[in-house]
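Before any comments, here is the structure.
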Amino acid sequence: MDELLKKLKDRLHILHNDEDEQLKQLLSSSIFSLKNQCGYFDETTNLLAQELIFERVRYAYNDSLEYFDKNFRTQIINLALSVGEIEW
């Protein structure tokens, strides 16, 4: 989790540690939500999953989470396909 937190903070340009607990909670809930939607993936090695996790955290952090699924529908489907949870 600490590695993902560092990458997230770099991406969001957050230099302080004041919000680390909140960001960890947002990371955990984003990982859970995406795994629930797409199936199991390793968030430390799957770059598409990391991208979606970070974007979902960004939306949640900015109180815009209701727009995430619609705006990232294609990427969510691609992640689900890549982990083999959707069958044609």
Side-chain angles (χ1 to χ4, degrees):
M1 182 66 71
D2 290 334
E3 180 183 331
L4 283 177
L5 178 63
K6 182 182 178 339
K7 287 180 180 181
L8 175 67
K9 288 174 66 173
D10 288 346
R11 183 182 182 116
L12 297 178
H13 307 288
I14 296 174
L15 302 176
H16 55 82
N17 298 328
D18 298 343
E19 298 175 299
D20 282 5
E21 288 307 311
Q22 178 190 8
L23 292 172
K24 283 181 183 180
Q25 186 176 26
L26 291 173
L27 278 169
S28 292
S29 64
S30 292
I31 291 167
F32 176 81
S33 176
L34 287 167
K35 284 183 177 180
N36 191 47
Q37 283 183 280
C38 301
Y40 178 79
F41 54 79
D42 182 353
E43 62 274 4
T44 61
T45 59
N46 188 318
L47 297 180
L48 177 56
Q50 276 186 24
E51 178 75 20
L52 283 170
I53 291 165
F54 294 158
E55 288 299 329
R56 190 178 184 288
V57 168
R58 182 174 64 88
Y59 273 62
Y61 185 79
N62 290 303
D63 294 323
S64 299
L65 193 54
E66 64 271 15
Y67 303 109
F68 174 77
D69 284 339
K70 180 181 176 197
N71 290 346
F72 288 91
R73 180 178 298 134
T74 300
Q75 293 89 338
I76 292 168
I77 291 170
N78 286 338
L79 178 60
L81 287 169
S82 74
V83 299
E85 291 295 318
I86 293 179
E87 295 181 19
W88 294 97

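All values below come from the heavy atoms of this structure, side chains included, with hydrogens, waters and symmetry mates left out.
Considering every non-hydrogen atom in both Leu48 and Asn46, the closest pair reads N-OD1, 3.1 Å. Nearest heavy atoms, Ile76 versus Cys38: O-SG, 3.5 Å. Minimum interatomic distance between Arg56 and Ser30 (heavy atoms only, all atoms of both residues): NH1-OG, 3.1 Å.
Taking CD1 from Ile31 and CG from Asn36, the interatomic distance works out to 13.5 Å, rounded to the nearest 0.5 Å. Put simply, CG on Leu27 and NZ on Lys7 are 11.5 Å apart, with the number rounded to the nearest 0.5 Å. Annotation: the span from Glu51 atom CD to Asn78 atom CG amounts to 12.5 Å, rounded to 0.5 Å. Here the straight-line distance linking atom CG of Leu65 with atom OG of Ser33 works out to 7.5 Å at 0.5 Å rounding. Taken from CG in Asp69 to CG in Leu34, the straight-line distance is 8.0 Å, to the nearest 0.5 Å. Rounding to the nearest 0.5 angstrom, the gap separating the CD atom in Gln50 from the CZ atom in Arg11 is 9.5 Å.
The closest side-chain heavy-atom distance from Glu55 to Asn71 is not below 4.5 Å. Looking at heavy atoms from C-beta onward, Lys24 lies out of side-chain contact with Leu4 at the 4.5 angstrom threshold.
No more than 12 heavy-atom neighbours from other residues, nucleotides or ligands sit within 6.0 angstrom of CD on Gln25.
Proximity of a side-chain donor or acceptor of Lys9 to a complementary backbone N or O of His16 within less than 3.5 Å is detected. Of the possible polar contacts, one joining the Asn62 side chain to the Arg58 backbone as a donor-acceptor pair under 3.5 Å is found.
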The test is salt bridge (charged side-chain N to carboxylate O under 4.0 Å, His left out); show your working for Lys35 and Glu43 and say whether it passes. CA-CA 10 Å; Lys35 284 183 177 180; Glu43 62 274 4; 3.0 Å; yes

Walk me through it: do Phe41 and Ile53 pass the test side-chain contact (heavy atoms from CB on, under 4.5 Å)? CA-CA 11 Å; Phe41 54 79; Ile53 291 165; 4.0 Å; yes

Test salt bridge (charged side-chain N to carboxylate O under 4.0 Å, His left out) on Lys6 and Glu3; report intermediate values, then the result. CA-CA 5 Å; Lys6 182 182 178 339; Glu3 180 183 331; over 6 Å; no

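Test Phe54, Phe72, Tyr67 against Tyr59 for ring-ring contact (aromatic ring centres under 6.0 Å, His included) and you get one pass: Phe72. Applying side-chain contact (heavy atoms from CB on, under 4.5 Å) to Leu5 and the options Leu23, Asp10, Ile14 leaves one that passes, Leu23.
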